[in-house]
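Worksheet: one structure, shown below.
What you see below is based on every heavy atom in this structure, not just the backbone, and it leaves out hydrogens, waters and symmetry mates. Worth saying up front: this structure is predicted, and the values here are computed from it rather than measured. Residue numbers begin at 1 in each chain, while the letters A, B, ... track the order of the sequences.
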Amino acid sequence: MAAPLSTALDVYFTGQHADLKGTSFFTKPLRQNPNRKLVIYCNSSKSKSPQKAPPSFEEPGTKNPSLSEQLKPLTTITLSNSTNEQSPLLSKPKSIWVNPTKPKRSVLALQRQKRSSYSYNPQVRDLRRFAHKLNDSDISEGDFLAALNEMPHPPTRENALLILNSLRPWQKTQLFFNWMKTQNLFPMETIFYNVTMKSLRFGRQFQLVEDLAHEMMNDGIEMDNITYSTIITCARKCNVFHKAVEWFERMYKTGLMPDEVTYSAILDVYARLGKVEEVLSLYERGRASGWKPDPITFSVLGKMFGEAGDYDGIRYVLQEMKSLGVQPNLVVYNTLLEAMGKAGKPGFARSLFEEMIESGITPNEKTLTAVVKIYGKSRWARDALELWERMRQNGWPMDFILYNTLLNMCADLGLVEEAERLFEHMKQSEHCRPDSWSYTAMLNIYGSGGNVEKAMAIFEEMPKLGIELNVMGCTCLIQCLGKTKKFDDLVRVFGISVQRGVKPDDRLCGCLLSAVSQCLESWDENKEEFRGMISNTTNEARRPFCNCLIDICRNKNLNEKAHELLYLGTLYGLYPGLHNKTADEWCLDVRSLSVGAALTALEEWMGTLSRIVQREEALPELFSAQTGTGTHKFSQGLANSFASHVKKLAAPFTQSEEKVGCFVATREDLVLWVKSRIPSSAITA
DNA sequence: ATAGGGTTAG
């Protein structure tokens, strides 16, 4: 349990119900699904290893209360049945026993703060026009203040409020607010601060918002739920999460109960901090207080579980909504779809999407972006194309992010013509003109398809339209030029790209190195250099670099060095899944290797197997080698090269008919092959 | 933006 929250509530409970002080948040019932592994959230604060509850808490058969029991309203729950309060996974060590005769204190006000209603103001049009004129003019502070003298109606409380509400950006709101204070026209009330804070939040001015809050405290102006929720969401927007928590605590200290808006705002803050346990205990405390969360809260929870890639959590959100009779709205569906994608559940995302349509909700751009992205990343070409067709037939809304996501989907699926059609459509559209993302996607599509001419045309077109080239687009093109051995173009493109502001990253360097490997004349390396290079390379780039070096050696007929490098790479853990052994089958998985590295690995494997045969040790029934196959044109080269190398070695591997990108051999054939080679230098270098 | 909370791209 993080200190701040418990502090806040301890402070809140202290003095009112001293016997509740120190009550653990984690003595709450958790959820219906007892299999949920909450231990994965243990990194959020100090040690939270699952603890067994003290024996005195145990009562047989009460560990996993049903959901309906858990959801009993507060009024019907007393802590006399408090073994229900123990979660086997979340009980805090040294929990203080709670007085069982008293119900728990509520943690939020069930009634939302009432807002004062505006009375009709016939001068509203004039005043708004006046404010908009001030907004549009780029005037100095002095001129702004002078212009205030020309207000079309006297600055009464209502009129001033109207103007304050219409001013932007925040600098003008602040000027007007300060002017009002100096004019002493009427007492400054909470609402003026709240409106001003909202404008400051829009401008991400947390410090100024906090200054205003201190001013309110000093001047004795009441801070209400609207004030606190504005401060909290402003802190969240400005990424000063600790400040949001700090003000939430302060709210409790002053004895003000958050209502559901403030409460869901702070839930969101904890969610963004990745403090899943805290969010869940707050949620459950709220539920125990009789709160019926609304769709916004479920959206917060859904987003949190999505970020955690937690499918069980997402299901929990759906289940909670169902059992509380809360119908998901568009935003909730969007959030949950996004979350399903992050949790790697395309099938469930698809059903959820269909359920949403069934319920009569029309998807918007964000919905479709989420689903298109999921189908693309999952390589679900049929679903992706069907969805695209439905989008057109139903006239579902499109925006440029959705267009770009569709382009990326085409890149993922290798749909060149569809991408071209979309791209042309974007060019002719008014509001969805191709931007840097769109052009990058096209470079990706043409580059990965090996279409040099079209990729180069895109590259040339970009500066003419003022489209910035980024490192990803550059990498796609460089890779394509390298693979197709257009080294002169590659050098030229690289030079121009750097001039255009591209900063080479690991991936781009990997592609350059790969290209160099195909044309370099001499390369002097040794183990120490290799070690130095690997340790100076970021983790993700290590394997590609090693692959490139092996390719270089093989291209120079330095096979021995290639084997040495593969050995070193394996030693440094760069090829973790290379060998997979079960009792029945040994598998060599070369899918993350370059062609040279894969051939080297095959030779190495054959050598090892030969030695095992010679020593007459046990071998499995089946041998397989996985090269994989992808939409990327160049990735098909691996299977082809592998096939011809197998042929060259006359090794008994054949391409599997059931499994694409897989080569298989039986023990019998393999042993025969080894024995046929043994007298004549069987073991390959 | 008409005093407060939630969702879109390598």
Side-chain angles (χ1 to χ4, degrees), chain A residues 112-118 121 124 127-128 131-132 135 158 161-170 173 189-203 223-234 236-237 244 258-269 271-272 293-304 306 328-339 341 363-373 376-377 397-409 411-412 435-438 440-441 443-444 470-473 475-476 505 507:
Chain A
R112 195 184 284 214
Q113 184 183 315
K114 291 272 189 298
R115 306 160 61 136
S116 54
S117 54
Y118 283 104
N121 187 340
V124 60
L127 291 162
R128 201 166 291 166
H132 288 162
N135 289 344
E158 277 68 30
L161 203 47
L162 247 159
I163 291 175
L164 192 65
N165 256 317
S166 309
L167 282 175
R168 65 190 170 101
W170 61 271
T173 316
E189 298 164 35
T190 305
I191 189 169
F192 291 99
Y193 282 87
N194 290 350
V195 173
T196 306
M197 281 182 177
K198 186 184 173 183
S199 176
L200 291 170
R201 184 187 62 178
F202 207 77
M223 294 171 75
D224 60 15
N225 258 288
I226 298 178
T227 319
Y228 281 107
S229 58
T230 311
I231 297 169
I232 288 167
T233 51
C234 179
R236 193 209 87 167
K237 204 172 175 187
D259 65 10
E260 69 169 335
V261 176
T262 317
Y263 205 71
S264 60
I266 202 69
L267 282 183
D268 190 37
V269 168
R272 306 258 161 176
D294 65 1
I296 294 182
T297 309
F298 290 118
S299 173
V300 168
L301 295 182
K303 167 126 188 172
M304 173 182 79
N329 63 16
L330 178 62
V331 175
V332 171
Y333 273 118
N334 289 354
T335 310
L336 291 176
L337 285 168
E338 183 82 22
N364 70 1
E365 298 88 336
K366 290 177 187 183
T367 323
L368 299 166
T369 297
V371 180
V372 167
K373 188 177 147 193
K377 293 285 164 246
M398 297 275 284
D399 64 4
F400 73 102
I401 293 182
L402 181 50
Y403 265 111
N404 286 342
T405 308
L406 282 164
L407 284 178
N408 283 324
M409 176 200 85
D412 287 330
D435 65 353
S436 172
W437 290 73
S438 329
T440 305
L443 284 173
N444 186 6
N470 60 31
V471 65
M472 184 186 166
T475 305
C476 293
D505 65 1
R507 289 193 200 186

Side-chain donor or acceptor of D294(A) under 3.5 Å from a matching atom on the base of dG5(B)?
yes

For T297(A), give me all partners under side-chain hydrogen bond (donor to acceptor under 3.5 Å, both in side chains), at least two apart in sequence or on another chain.
D294(A)

Quick check: any donor-acceptor pair below 3.5 Å linking the side-chain of N329(A) to the base of dG6(B)?
yes

Is T367(A) touching bases, backbone alone, or none of the nucleic acid, heavy atoms closer than 4.0 Å?
nothing

With heavy atoms under 4.0 Å as the rule, sort D268(A) into base, sugar-phosphate or nothing.
sugar-phosphate

Nearest-Å distance for atom pair CD1/C1', residues I266(A) and dG4(B):
13 Å

Does the side chain of R201(A) come under 3.5 Å of the side chain of T230(A) through a donor N or O and an acceptor N or O?
no

According to a strict under-4.0 Å criterion, is K303(A) in side-chain N/O contact with OP1 or OP2 of dT8(B)?
yes

Heavy atoms under 4.0 Å, any strand shown: does N444(A) hit a base, just sugar-phosphate, or nothing?
nothing

In whole Å, I'd like the distance from the CG atom of D224(A) to the P atom of dA3(B).
13 Å

Return yes if a side-chain donor-acceptor contact under 3.5 Å exists between N408(A) and T405(A), otherwise no.
no

Contact class for T196(A) vs. all strands (heavy atom < 4.0 Å): base, sugar-phosphate, or nothing?
nothing

With a non-hydrogen cut-off below 4.0 angstrom, is V124(A) in contact with a base, only sugar-phosphate, or nothing?
nothing

Can a donor-acceptor pair under 3.5 Å be found between the side-chain atoms of T369(A) and the base atoms of dT8(B)?
yes

Under a 4.5 Å cut-off applied to non-hydrogen side-chain atoms, are T262(A) and I232(A) in contact?
yes

Please determine whether any donor N or O and acceptor N or O are separated by less than 3.5 Å between the side chain of N165(A) and the base of dT2(B).
no

Heavy atoms under 4.0 Å, any strand shown: does T335(A) hit a base, just sugar-phosphate, or nothing?
sugar-phosphate

Determine the Euclidean distance between corresponding P atoms of dT2(B) and dG6(B); express it in Å to zero decimal places.
14 Å

Could you tell me which residues satisfy side-chain hydrogen bond (donor to acceptor under 3.5 Å, both in side chains) with N444(A), sequence neighbours excluded, listed by chain and number?
none

For K198(A) and dG4(B), is the shortest distance between a side-chain N/O and OP1 or OP2 below 4.0 Å?
yes

Write down the distance separating the C1' atoms in dA3(B) and dT7(B), rounded off to the nearest Å.
24 Å

Please state whether the phosphate of dA9(B), meaning OP1 or OP2, lies under 4.0 angstrom from any side-chain nitrogen or oxygen of K377(A).
no

At less than 4.0 Å, is any side-chain N or O atom of R115(A) found next to OP1 or OP2 of dG4(B)? Yes or no.
yes

d(CD1, I226(A); P, dT2(B)) in whole Å:
13 Å

Quiz question: going by heavy-atom distance under 3.5 Å, is there a donor-acceptor pair between the base of dG4(B) and the side chain of T230(A)?
no

Just checking F400(A): base, sugar-phosphate only, or nothing, at a heavy-atom cut-off of under 4.0 Å?
base

The residue among L200(A), T173(A), N165(A), L167(A) that forms side chain to side chain contact (heavy atoms under 4.5 Å, CB included) with V195(A) is N165(A)

Categorize T297(A) for me: base, sugar-phosphate, or nothing, with a 4.0 angstrom heavy-atom threshold over every strand shown.
base

Under 3.5 Å donor-acceptor pair, T262(A) side-chain atoms to dG4(B) base atoms
yes

Ignoring hydrogens and angles, answer whether the base of dG4(B) and the side-chain atoms of D259(A) contain a donor-acceptor pair closer than 3.5 Å.
yes

Can you check whether any acceptor in the base of dG5(B) is under 3.5 Å from a donor in the side chain of T233(A), or vice versa?
no

Under 4.0 Å between a side-chain N/O of R201(A) and OP1 or OP2 of dG5(B), yes or no?
yes

